[in-house]
There are 2 protein chains.
Amino acid sequence: MARKPLTKPRKYATQERSRATVDALVAATARILVKEGYDKASTNRIAETAGVSIGSLYQYFPSKEALVAAVVERHNEDIMEVVHAVLQETASLPIGLAVRQLVTAAIEAHRVDPKLHRVLAEQIPRTGKLETIDTHGRQIHALFLAYLQAHKHELRVPDVSLAAFVCVTSIEALTHNAVLHHPEMLTDKATKTLIDEASRLVIGYLQAP
Amino acid sequence: MARKPLTKPRKYATQERSRATVDALVAATARILVKEGYDKASTNRIAETAGVSIGSLYQYFPSKEALVAAVVERHNEDIMEVVHAVLQETASLPIGLAVRQLVTAAIEAHRVDPKLHRVLAEQIPRTGKLETIDTHGRQIHALFLAYLQAHKHELRVPDVSLAAFVCVTSIEALTHNAVLHHPEMLTDKATKTLIDEASRLVIGYLQAP
DNA sequence: ATAGAATGCGAGCTATAGCTCTTATTTTCT
DNA sequence: AGAAAATAAGAGCTATAGCTCGCATTCTAT
């Protein structure tokens with residue numbers, strides 16, 4: 001009924017031309033996701049938008065899901081770049097300042113491509129490959145946990161790992177929610193207030209008497 | 001090409017028999033969502049599982065989306081029942097105790113039907129009707145804001161409304177995340193610790209010196 | 001220059017999703 | 001009892017999604 005590998009190996013691009021194709025496909029996928037939503041992002045449409053034939057598309061991506069996964073990964077990388085940068089500068093700061101930086105970074109991260117972020121968060125069914133792509137969540141958690149452990153003496157919490165979970169989850173939710181569902185919080189003034197409050201929340205928690 | 005309303009009005013069930021049909025359909029939808037995931041939940045499959053013909057299905061639900069929306073609403077109602085109950089008992093308590101109750105309620109709420117909750121949160125593309133069904137989020141926010149306003153004298157926050165946003169968002173994210181992605185936090189002991197920490201987080205924030 | 005690999009193409013297949021419409025059954029009302 | 005309204009049934013239509021496969025084109029390397 002279905003012979004499996006009669007077709008060519010669906011492998012990574014090696015020549016430059018093909019890398020361009022792959023890039024075009026991923027870019028087109030992102031564009032359509034943002035402008036038209038997940039439903040309209042059919043593989044045919046993606047190929048067409050990318051100026052690539054449907055056959056070529058399937059040479060590099062075994063499924064629509066794989067395409068979306070690539071977009072997610074690319075977006076996560078973009079975000080991690082921002083976060084990483086800020087956290088680096090922050091490593092040696094005391095908690096009071098570091099947390100503030102972290103919150104700021106979180107907001108920055110959510111501003112990288114808010115529309116795409118929203119689509120990825122709200123419209124994409126996490127199924128199959130997509131199910132397991134919370135990479136950057138884990139990563140941030142690990143980074144922040146490391147920071148906390150290095151500053152253990154400044155803390156008053158019973159369990160550092162749990163504390164990291166509490167902080168990261170809260171900050172992420174706060175910024176996510178603000179950026180995606182409360183545009184009124186994005187004026188300069190409101191953003192500042194939000195940062196203040198989020199920082200107060202977390203710092204108070206970490207250093208409570 | 002397409003004549004619009006040549007068919008019967010797609011209206012609400014009035015007789016008892018039809019109410020049963022509707023219930024069966026909603027229940028079947030929920031069951032399939034949980035057991036098979038969103039993709040497998042085709043209208044045909046739903047009708048079959050409900051023991052109802054596809055024609056009858058479309059007599060009451062104009063689309064698959066409407067069916068899912070019904071499931072979401074039913075689930076939200078279930079959750080709001082729990083939350084409402086707890087918040088009622090809590091209205092006159094001081095913040096220290098009230099927040100603890102609220103956190104507990106949040107966890108309870110997430111335990112109503114975790115599997116369904118997860119599917120609804122992770123697999124359902126928020127599109128069309130679904131886009132606007134965050135009813136219960138708004139509701140909880142309003143309820144908690146009312147509580148905070150009634151206890152304004154106990155607070156030390158610059159903006160009560162913003163404070164409500166911060167608290168509700170954090171608690172929701174914490175419990176959501178814990179219940180859905182950290183089953184190890186669901187032992188009795190771990191849950192207690194989580195409640196302690198979440199409460200400390202929020203109370204510290206609301207009453208900071 | 002030419003073989004062989006890598007890449008690109010796109011007509012077209014298969015499957016199924018969502019949905020309509022006609023016909024049959026049950027309920028309600030008089 | 002019998003007419004009319006409400007409800008149920010399900011064969012089957014339309015559309016399109018995802019994807020394959022044979023062939024054409026372009027690269028790479030000798």
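Note on naming: letters A, B, ... go to the chains in the order of the sequence lines (proteins, then strands), and numbering restarts at 1 for each one. Small disclaimer: the values here were computed from a predicted structure and weren't measured. Note: hydrogens, waters and symmetry copies are ignored here, and every other heavy atom, side chains too, is used.
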Legend entry - For atom CG of A:Asp23 and atom P of C:dT7, their distance in whole Å: 14 Å
Inset, instruction - Could you tell me the separation between the CD atom of B:Gln59 and the C1' atom of C:dT23, rounded to a whole number of Å? - result: 13 Å
Inset, instruction - With the side chain of B:Tyr60 defined as its heavy atoms from C-beta on, choose the nearest nucleotide among C:dG18, D:dA11, D:dA8. - result: D:dA8
Legend entry - Whole-Å gap separating C1' (D:dC19) and CD1 (A:Ile46): 13 Å
Legend entry - Phosphate contact (D:dA9 OP1 or OP2) by B:Ser56 side-chain N/O below 4.0 Å: yes
Legend entry - B:Leu25 CG - D:dT7 P separation (whole Å): 14 Å
Inset, instruction - Could you check how far NZ of B:Lys64 sits from P of D:dA15, rounded to whole Å? - result: 20 Å
Inset, instruction - Determine: side-chain N/O of B:Thr21 to OP1/OP2 of D:dT7, distance under 4.0 Å, yes or no. - result: no
Inset, instruction - Whole angstrom is fine here: how far is it from CZ in A:Phe61 over to P in D:dT20? - result: 15 Å
Inset, instruction - Give the rounded distance in Å between these two atoms: OH of A:Tyr58 and P of C:dA11. - result: 16 Å
Legend entry - Which nucleotide in D:dT20, D:dT7, C:dG8 has an atom nearest any side-chain atom of B:Arg17: D:dT7
Inset, instruction - Report the residue (A:Gly51 or B:Asp39) whose heavy-atom-nearest nucleotide on DNA chain C is the more 5′ of the two. - result: A:Gly51
Inset, instruction - Step by step, work out the side chain to side chain donor-acceptor pair (under 3.5 Å) result for A:Glu172 and A:His141. - result: CA-CA 11 Å; A:Glu172 149 70 17; A:His141 184 270; over 6 Å; no
Legend entry - Minimum-distance nucleotide to B:Ser42 side chain [options: C:dC19, C:dA17, D:dA9]: C:dA17
Legend entry - Closest approach of A:Ala178 to A:Met185 (non-hydrogen atoms, all atoms of both residues): CB-SD, 4.0 Å
Inset, instruction - Tell me which nucleotide among C:dC19, C:dC9, D:dA9 gets nearest to the side chain of B:Thr43. - result: C:dC19
Legend entry - Toward the 5' end of DNA chain C, by each residue's nearest nucleotide, A:Asn44 or B:Lys40: A:Asn44
Inset, instruction - Heavy atoms only: give me the nearest B:Leu93-B:Tyr147 pair and the separation to one decimal. - result: O-OH, 2.8 Å
Legend entry - Selection from C:dT20, D:dT20, C:dC9 that lies nearest to any side-chain heavy atom of A:Ile54: D:dT20
Inset, instruction - Among the candidates C:dG8, D:dT7, C:dG10, find the nucleotide nearest to the side-chain atoms of B:Ser18. - result: D:dT7
Legend entry - Atom-to-atom span, CZ of B:Arg45 to C1' of C:dC19 - whole angstrom: 19 Å
Inset, instruction - Apply side chain to side chain contact (heavy atoms under 4.5 Å, CB included) to A:Leu143 and A:Met80, showing your working. - result: CA-CA 11 Å; A:Leu143 285 176; A:Met80 282 311 295; 4.1 Å; yes
Inset, instruction - Assert yes or no for the condition that the ring centre distance of A:His75 to A:His136 is strictly below 6.0 Å. - result: no
